[in-house]
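Below is one structure; the comments refer to it alone.
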Protein chains: 2
Amino acid sequence: MAAQPSSETGPRRHAVQLSPMQVPKASDVLADDLRERIIRGEFPEGTALPPERELVSQTKMSRTTVREALRILEVQGLVRVKTGRSGGAFVYRPGKDTVADSVNLLIRGRQIRIPALLETREAIEPYCAQLAARNRTDEDLERLDQANTDIAADGTLADFLQANVDWHIAVAAASHNELLTGIMLALSRSIYDATDNQGFVDAEVRRTTLRAHRTVTKAIRDQDPDAANRRMSRHVHTYAEAVLEVEDRTTVTVPET
Amino acid sequence: MAAQPSSETGPRRHAVQLSPMQVPKASDVLADDLRERIIRGEFPEGTALPPERELVSQTKMSRTTVREALRILEVQGLVRVKTGRSGGAFVYRPGKDTVADSVNLLIRGRQIRIPALLETREAIEPYCAQLAARNRTDEDLERLDQANTDIAADGTLADFLQANVDWHIAVAAASHNELLTGIMLALSRSIYDATDNQGFVDAEVRRTTLRAHRTVTKAIRDQDPDAANRRMSRHVHTYAEAVLEVEDRTTVTVPET
DNA sequence: CCAAGCATTTGGTCGTACCTAAATTAGCAT
DNA sequence: ATGCTAATTTAGGTACGACCAAATGCTTGG
């Protein structure tokens, strides 16, 4: 059909030059369009997109295509699909969960080591605490205190770790920076998973943690950004060192392949 | 068919109690399985999954289902699909791009403001510089120098911004922490987009930027983590203030809906 | 008035047919 | 023999059409 350039010496019938020709997939086109509208806020959160068959008749695409488009958006966390009558695809603004998921994928797939996780945390959390000290509201303080009492309560290991994570997240939330909060959320989940069956958390660690949290919380309450930063920095650094020490002792077994 | 509990006063035929029953979607099951295998490294990067029709006969699922599963993995960046003979789904390890994409979604969808972006950068980059000073190799230094000469060259605005981003990414890369690098990659892209048509970059800004980059680069070369952290902190903070100043002046027009 | 059962809406799965893209192979002309 | 063209083959992309399963709403009988 088309005249190919064949080679430099070939007889060029026409001087037309075409780029390699990119034919986007129909489902991507639909997905891109819907995504753009969702992000622009054209549909408020929670509204239902038209049912699949309706979209079919509107777009003149096949149902297969429409469904693939919806699936793409679902994976990206832009819609949630419910079955049944008055079901359908409901619009959600992209959330921190999506970021957390992809970070987790990165971590697991690239075999990111715990040290790297802890380093990242050391980078982010002190600044979070600093911002928290500047921007915290009274509700933020309540959440922090709640997490601290949960930590103080002698519960199971899982309880302790959860309360621990809650506190760190609360600090991030108190920074009132959604992006930082999202990243911390992702990190926390992964650090939790990595630290879970690492059983180095004894009573001593718990007490130390609680004390550190209290001092940081106080700095945040007193709106002392500098102290908050410094103390948090110290805390996460100490924690990291403790974890790494255990790591080194346990690194005999590398579960690979 | 099934005996419903109907109400508390109803005649319970049997004492059996069932949880609300969650039936995972077939495509999700397949996707989960494949994802798990990919992440575990069962298939080395670049290998082709069996063709769709082959998967159909293996899994006894319909082609629709198989295709949806593949689409999910594609969106998550775990496979790339090529058409044509000897095409198919090729395995890729999850990369930083995926994280960058989701961060961008979060930023655009949640209308994250530039200040929040800059704050996040202020949190991460100094520590990146610190790690870079500790872990940098000679190749890292080469990339940094290259970016700096690119910045020095009097090019277009886009050229300058690109070179600027390259340098910051190079710093992150020199930290040899893939996670931090991934996050910085995502941030840079977004900051680039946000700063692009903000036209506050004049010759003065360029000169200041170059000077700051040089001092940080020197600290990294000299393997002085403390200085690297301090100087980078100063640099990004200054830059942030400059951007915010322009922001305040320009905030007259808020292009919304 | 209320609950059991039916009907409807809407997503989920399946199967088949056909189109299109890309690589290989066969064929034809020089 | 060479080199271009055309057919073939393999794979994904799209389109219908049918039917299943779940959730809700509606109706009807008590």
Side-chain angles (χ1 to χ4, degrees), chain A residues 1-13 18-32 47-75 79-91, chain B residues 1-13 18-32 47-75 79-91:
Chain A
M1 300 293 186
Q4 292 159 271
S6 68
S7 126
E8 291 184 309
T9 62
R12 303 205 317 267
R13 305 273 299 256
L18 297 186
S19 7
M21 185 172 54
Q22 14 187 343
V23 181
K25 284 179 286 191
S27 48
D28 282 331
V29 174
L30 214 198
D32 289 346
T47 52
L49 263 47
E52 294 179 357
R53 289 161 175 95
E54 177 66 22
L55 285 176
V56 167
S57 73
Q58 284 182 15
T59 62
K60 303 296 183 191
M61 292 168 169
S62 81
R63 193 160 163 228
T64 318
T65 305
V66 169
R67 280 179 59 76
E68 275 197 10
L70 289 177
R71 215 25 156 284
I72 292 172
L73 297 179
E74 191 182 27
V75 174
V79 302
R80 269 177 234 177
V81 175
K82 279 198 309 188
T83 78
R85 187 170 180 170
S86 83
F90 295 85
V91 173
Chain B
M1 301 293 184
Q4 293 159 271
S6 68
S7 123
E8 290 184 308
T9 61
R12 303 207 317 269
R13 307 272 298 257
L18 296 185
S19 11
M21 186 172 54
Q22 15 188 339
V23 181
K25 284 180 285 192
S27 47
D28 282 332
V29 174
L30 214 197
D32 289 346
T47 52
L49 262 46
E52 294 179 357
R53 288 160 174 98
E54 178 66 22
L55 285 176
V56 167
S57 73
Q58 284 182 15
T59 62
K60 303 298 182 189
M61 291 167 169
S62 81
R63 194 159 161 226
T64 317
T65 305
V66 169
R67 280 180 59 76
E68 276 196 10
L70 289 177
R71 216 26 155 293
I72 291 173
L73 297 179
E74 192 182 27
V75 174
V79 302
R80 270 177 233 175
V81 176
K82 279 198 309 189
T83 75
R85 186 170 178 168
S86 82
F90 294 85
V91 173

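Hydrogens, waters and symmetry mates are skipped; everything else that's a heavy atom, side chains included, is used. Note on naming: letters A, B, ... go to the chains in the order of the sequence lines (proteins, then strands), and numbering restarts at 1 for each one.
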Practice problem: Sequence neighbours left out, what passes salt bridge (charged side-chain N to carboxylate O under 4.0 Å, His left out) with A:Asp32? Give chain and number order. | Solution: A:Arg35

Quiz item: Which residues pass the salt bridge (charged side-chain N to carboxylate O under 4.0 Å, His left out) test with B:Arg63, sequence neighbours left out?
Solution: B:Glu52

Practice problem: Report the distance from atom CD of B:Glu54 to atom OG1 of B:Thr59, rounding to the nearest 0.5 Å. | Solution: 10.0 Å

Quiz prompt | Gap between atom OG of A:Ser62 and atom CZ of A:Arg67 - 0.5 Å precision | solution = 10.5 Å

Quiz prompt | Those residues of residues 24-31 of chain A lying under 4.0 Å from DNA chain C by at least one heavy atom | solution = none

Quiz item: Between B:Val75 and A:Val75, which heavy-atom pair has the shortest distance, and what is it?
Solution: CG1-CG1, 3.6 Å

Quiz item: Got a sec? Which of residues 51-70 of chain B come in under 4.0 Å of DNA chain D, heavy atoms?
Solution: B:Pro51, B:Glu52, B:Arg53, B:Arg63, B:Arg67

Exercise. Give, ordered by number, those residues of residues 80-89 of chain A having at least one heavy-atom distance below 4.0 Å to an atom of DNA chain D; if nothing qualifies, reply none.
Key: A:Thr83, A:Gly84, A:Arg85, A:Ser86

Quiz prompt | Residue pair B:Val56 / B:Met61: nearest heavy atoms and the distance that separates them | solution = CG1-O, 3.1 Å

Quiz item: Could you state the interatomic distance from CG (A:Leu49) to CG (A:Leu55), rounded to the nearest 0.5 Å?
Solution: 6.0 Å

Quiz prompt | Minimal non-hydrogen separation, A:Ala31 against A:Ala69, with atom names | solution = N-CB, 3.9 Å

Practice problem: Return the set of residues passing salt bridge (charged side-chain N to carboxylate O under 4.0 Å, His left out) with A:Glu74 (not counting sequence neighbours), or none when no residue passes. | Solution: A:Arg71, B:Lys25

Exercise. Drop me the distance from A:Leu73's CG to A:Glu68's CD, to the nearest 0.5 angstrom.
Key: 12.0 Å

